[in-house]
Amino acid sequence: MFDPYLWIESFSLRLCTAKRTENYSIKLPKVTKDHLDRVPLQYKSLLNNEILLTMARFLYKFDFNASPYLRDDGGDVLVEEGDVGVDI
């Protein structure tokens, strides 16, 4: 059975050796940027790892396909995504 936390842990171990060749930018309040500019380099590396883990968690949730879990033994769909008023 797939364990998302184990996947994230495995992902975090690969962060040490994965080449980081792509940039992704986000908009920050100036006060946050000013504080981040004063953070020592080793802590910026930790922050970068936390950001990457957060992205991995988001991508896992975003790609989650609930349909296999919403069928009865005959294969009939019990609940369609969006039927309960929230996205799965």
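Residues: numbered from 1 along the sequence shown. All heavy atoms count here, side chains included; hydrogens, waters and symmetry mates do not.
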Same apolar cluster (I L V M F W Y, side chains within < 4.5 Å links), Tyr24/Ile51: yes
Heavy-atom side-chain contact between Leu47 and Leu36 under 4.5 Å: yes
Nearest-0.5 Å distance, CG of residue Leu53 to CG of residue Asn48: 10.0 Å
Reported CE-to-CG distance for the pair Met55 and Leu59, which is rounded to 0.5 angstrom: 8.0 Å
Pairs satisfying salt bridge (charged side-chain N to carboxylate O under 4.0 Å, His left out), at least one member in residues 24-34, at least two apart: Lys30-Asp34, Lys33-Asp37
